[in-house]
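Okay, so here's the structure we're looking at.
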Amino acid sequence: MKTDQPDMIKIWNDFRSGNQKAFSLLYEYYFDILYRYGMKFVSDENIVKDSIQDLFIKIYNNRDNLSSTTEPKFYLLFSLKKPYPGYDLEISADHIRLTGRSAILYNLPLRRE
């Protein structure tokens with residue numbers, strides 16, 4: 001069965017080898033998926049967009065050290081869970097809260113102090 005989906009494993013490995021076009025394809029292909037996922041944790045779209053940008057900058061700068069994966073999507077989704085700048089997110093089945101703070105988040109915008 002042939003699908004129209006690009007071979008993301010090949011694109012991931014091409015990116016790891018320094019292919020700029022592959023990096024752009026990863027960003028374009030996964031941005032919306034990462035955005036929707038990030039908005040489940042933080043309702044401030046600017047924080048989510050910045051976090052996605054930070055994630056792609058980080059993987060670009062560390063591409064030589066990235067491992068191969070059969071699931072680039074899950075690698076990126078897992079990586080996005082962690083990097084909200086200035087915040088440590090603790091995720092449980094029922095809620096998200098800022099570690100070390102008293103606020104419990106249910107899709108409320110985060111504010112830095």
Margin query: Going by the rule side chain to side chain donor-acceptor pair (under 3.5 Å), which residues pair with Glu71 if we only count those two or more places apart in sequence or in a different chain?
Written below: none
Checklist line | side-chain contact (heavy atoms from CB on, under 4.5 Å) between Ile47 and Ser51, intermediate numbers included | finding: CA-CA 6 Å; Ile47 290 174; Ser51 295; 4.1 Å; yes
Check: If you look at every heavy atom in Leu34 and Leu77, which pair is closest and at what distance?
Finding: CD2-CD2, 3.7 Å
Checklist line | Within-4.5 Å side-chain heavy-atom neighbours: Arg63 and Phe23 | finding: no
Checklist line | Lys49: partners by salt bridge (charged side-chain N to carboxylate O under 4.0 Å, His left out), with sequence neighbours left out | finding: Glu45
Next item on the list: Could you tell me which non-hydrogen atom of Lys73 sits nearest to which non-hydrogen atom of Ile33, and how far apart they are?
Entry: CE-CG2, 4.2 Å
Next item on the list: Would you please name every residue forming a salt bridge (charged side-chain N to carboxylate O under 4.0 Å, His left out) with Lys10, sequence neighbours left out?
Entry: Asp14
Next item on the list: Please report the closest heavy-atom contact between Ser68 and Arg16, naming both atoms and the distance.
Entry: CB-NH1, 3.3 Å
Next item on the list: Classify the angle between the aromatic ring planes of Tyr27 and Phe31 as parallel (below 30°), tilted (30 to 60°) or perpendicular (above 60°).
Entry: tilted
Notebook entry, point to check: Going by heavy atoms in the side chains, are Tyr29 and Pro72 under 4.5 Å from each other?
Noted result: no
Next item on the list: Measure the spacing between CZ of Phe15 and OG of Ser24 and express it to the nearest 0.5 Å.
Entry: 10.0 Å
Check: Which is it for Lys21 and Ile11 under the side-chain contact (heavy atoms from CB on, under 4.5 Å) test, yes or no, and what are the steps along the way?
Finding: CA-CA 9 Å; Lys21 176 95 171 142; Ile11 292 170; over 6 Å; no
Check: If you round to the nearest 0.5 Å, how far is OG1 of Thr69 from CE of Met8?
Finding: 11.5 Å
Item checked: Leu76 and Phe56: CA distance, side-chain angles, deciding distance, side-chain contact (heavy atoms from CB on, under 4.5 Å) verdict -> CA-CA 9 Å; Leu76 294 169; Phe56 276 91; 4.3 Å; yes
Next item on the list: Would you check if the distance from the ring center of Phe74 to the ring center of Phe78 is below 6.0 Å?
Entry: no
